[in-house]
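A quick write-up on the structure given underneath.
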Amino acid sequence: MSRNLSSLVILAFCFFSHNAIATDKGANQAPHNAKSFESRMLTITDVVLEQHIDPPTRQQMILAGVKALYQTDKRPIPKGLSQRISDLTKPREFTDFLKGILSEFSELKNRESILIRGMLSSLPCGAHIVNAEANKVQGQLAANRYVGIGIALTMNKQEKYPAIPNVIYNGPAWRAGVKPNDLILKVNGQSMKSKDLVQAVKSLRGEEGSEVRIEVRQPGSQESRKLKMTRGRVFIPTVEGSRKKSEGEWYYKFSSADDIAYLRIKKIGSSTLHELRQVEAKLRDQNIKGIILDLRSTGGILHDTIMVADNLLDGGVIGYVQSVDSRKKHEARPGSLFQNIPMVVLVGKQTGSGSVFLTAALQDNKRAFVVGEPTNGQTYVRSNILLPDQNNHIVMATGLLQRGDGTTLLVSRFRSSPLRTIKVGKTKQQKTRTNFIMPDHVVKTSNQIVNRSKAPTHSATIRKAIEVLRNTPPQFTTQPETKETSGS
């Protein structure tokens, strides 16, 4: 998922979405130590072969990396290259071959990074390498304990300054008076003119409790503002409602359908379950007749996704996690949130891995109807694995997510992905359940964009969801139970 940094939106409190910054600036360049680059390449392939859920061969990885070099340098790929690499079997043969290739491209800038990225592109679901600093940031993201000033950052190409499209509510920047669309002119007295986002983020980054001074102005304005703030933990809410009530507050009911609640999960994280409990408490006495759970642009952490599934289901099988050497079954316990209230889940082509797993569990246990478009995400489990003798981690697929019936929720790129014919719903008709989510009610919205900042309009998808809820009697009659969980 390598991204163009000129258009990438990142969080300046050190949010790097997968390989956004780490890959483009140095993370895929192996550290300089006594071990040769060629040997480090073999170490990477060893780790992939041992721990990836469906690895290509070492020869396939090397071939993809070498092809990337030829393509980047705009050279034709030599005839017989594939066979030449296929004949390599011994470590010394691989290292000698790679040494010769690197010598051939001695004039190509970033040749080692290009080789590594090309090699990792051959892995099903892709992979990338992050350094220790970026790995620490990803850990903060997973725990929703990000340290920084709480802004999103992009680049204003016209004025050539880093720009702030969003300010996180109640974060250090918000409290200091930073406004959306502000341009960052200076950080601690250093000009940010023509600096790329990597340099800007590095300047803004710092330890919790440390101070940073920035100078900002609005685009087109001549009046600048000097602001001082202290870096701290920034909480990013993961659950939004139908429209904003005020900063940090949401209305959850539609103004034109005040018995239907709309909950959009931006990302399933460690705080999501706690936020859903807070929403349920607010809605408990409001005579809600249905819940719309919008997962059209949602990913998430596996542990947190399972916790949310456990608390939305009143028992039943959530699904399985297949790793290289084991298969774990996850089940929900009795008692659920929003009990006795019908639910519709919205999905689409951008629905992420964790949300596909969650949706499958709700669909299979008949807890929710699914409305939207078939998903096409690759539902896998990614892990950060430390590379031996290196200060880097490789992030790659180490597991597969499976429905309660064992169907693998992945696109067919995985050679191990099965297609199964099973009985769907209450009908007697047999359908082929493909390895993605097929909605109960398909609504094609190829041109529809989920707006992250404004209230959802009554699009075709929302209208269909409301219609389904209007025609669905309450499905659950058991009394709510208190469920003890370790999540919050």
Side-chain angles (χ1 to χ4, degrees), residues 53-54 124-125 268 293 295-296 298-337 339 342-349 351-382 397-442 468 472 475-476 478:
I53 187 64
D54 191 23
C125 303
I268 300 175
L293 190 64
L295 302 180
R296 284 176 291 178
T298 309
I301 306 301
L302 176 60
H303 171 267
D304 302 319
T305 300
I306 292 171
M307 294 293 292
V308 170
D310 180 19
N311 281 266
L312 290 179
L313 288 171
D314 189 16
V317 177
I318 296 171
Y320 297 85
V321 178
Q322 176 71 58
S323 62
V324 173
D325 53 10
S326 66
R327 185 169 185 255
K328 185 174 182 180
K329 181 180 182 180
H330 293 276
E331 295 183 88
R333 294 161 294 173
S336 68
L337 296 173
Q339 198 153 14
M343 182 179 295
V344 163
V345 175
L346 307 184
V347 297
K349 294 179 180 179
T351 300
S353 302
S355 295
V356 170
F357 189 53
L358 171 60
T359 302
L362 297 174
Q363 186 181 49
D364 293 347
N365 286 280
K366 298 181 175 58
R367 175 60 184 97
F369 290 104
V370 181
V371 173
E373 294 182 290
T375 61
N376 61 3
Q378 297 181 350
T379 311
Y380 49 86
V381 180
R382 297 173 74 102
T398 57
L400 301 175
L401 298 177
Q402 299 174 337
R403 305 181 83 122
D405 64 0
T407 304
T408 300
L409 287 161
L410 276 169
V411 296
S412 58
R413 184 178 179 186
F414 269 80
R415 294 178 287 278
S416 58
S417 297
L419 287 174
R420 301 184 56 183
T421 301
I422 65 171
K423 189 173 182 179
V424 176
K426 298 180 180 179
T427 66
K428 296 181 179 179
Q429 180 182 3
Q430 295 291 318
K431 297 182 181 180
T432 298
R433 172 166 286 171
T434 53
N435 42 7
F436 51 81
I437 298 293
M438 178 58 69
D440 301 294
H441 303 273
V442 176
V468 170
T472 302
Q475 295 172 283
F476 305 100
T478 56

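Numbers here simply count residues along the sequence, with the first being 1. Bear in mind that the values here come from a model prediction, so they are computed numbers and not experimental data.
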For this session: Can you measure from NE2 (H330) to NE2 (H303) and round to the nearest 0.5 angstrom?
Result: 9.5 Å
Seminar exercise, completed: When R367, Q339, R333 are each screened for side-chain hydrogen bond (donor to acceptor under 3.5 Å, both in side chains) with D314, the one that passes is Q339
Problem set entry | Positive for side chain to side chain contact (heavy atoms under 4.5 Å, CB included) with T351, one of T375, L346, L358 | T375
Exercise. Say you draw a straight line from CD1 of I306 to CD1 of I301; how long is it, rounded to the nearest 0.5 Å?
Worked result: 11.5 Å
For this session: With sequence neighbours left out, write down each residue that passes side chain to side chain contact (heavy atoms under 4.5 Å, CB included) with K329, or none if nothing qualifies.
Result: V317, Y320, E331
Exercise. For T359, which residues count as a side chain to side chain contact (heavy atoms under 4.5 Å, CB included) partner, sequence neighbours excluded?
Worked result: L295, V345, V347, V370, I437
For this session: Could you grab the distance from atom CZ of F369 to atom CE of M343, nearest 0.5 Å is fine?
Result: 12.5 Å
For this session: Any chance you could measure T408, atom OG1, to L400, atom CG, to the nearest 0.5 Å?
Result: 5.5 Å
For this session: Measure the spacing between OG1 of T407 and CG of D364 and express it to the nearest 0.5 Å.
Result: 8.0 Å
Exercise. Considering all heavy atoms of both residues, which atom of I318 and which atom of D310 are nearest to each other, and what is their separation?
Worked result: CD1-N, 3.9 Å
Problem set entry | Spacing of D54 atom CG and T398 atom OG1 [to the nearest 0.5 Å] | 12.5 Å
Seminar exercise, completed: Closest heavy-atom pair, Q322 versus I53, reported as atoms and distance to 0.1 Å, is O-CD1, 3.7 Å
For this session: Please report the closest heavy-atom contact between S353 and L401, naming both atoms and the distance.
Result: O-CD1, 4.1 Å
For this session: Compare every heavy atom of C125 with every heavy atom of A397, then report the nearest pair and how far apart it is.
Result: CB-CB, 4.2 Å
For this session: Could you pull out the closest heavy-atom pair between R327 and G406, with the gap in Å?
Result: NH2-CA, 3.6 Å
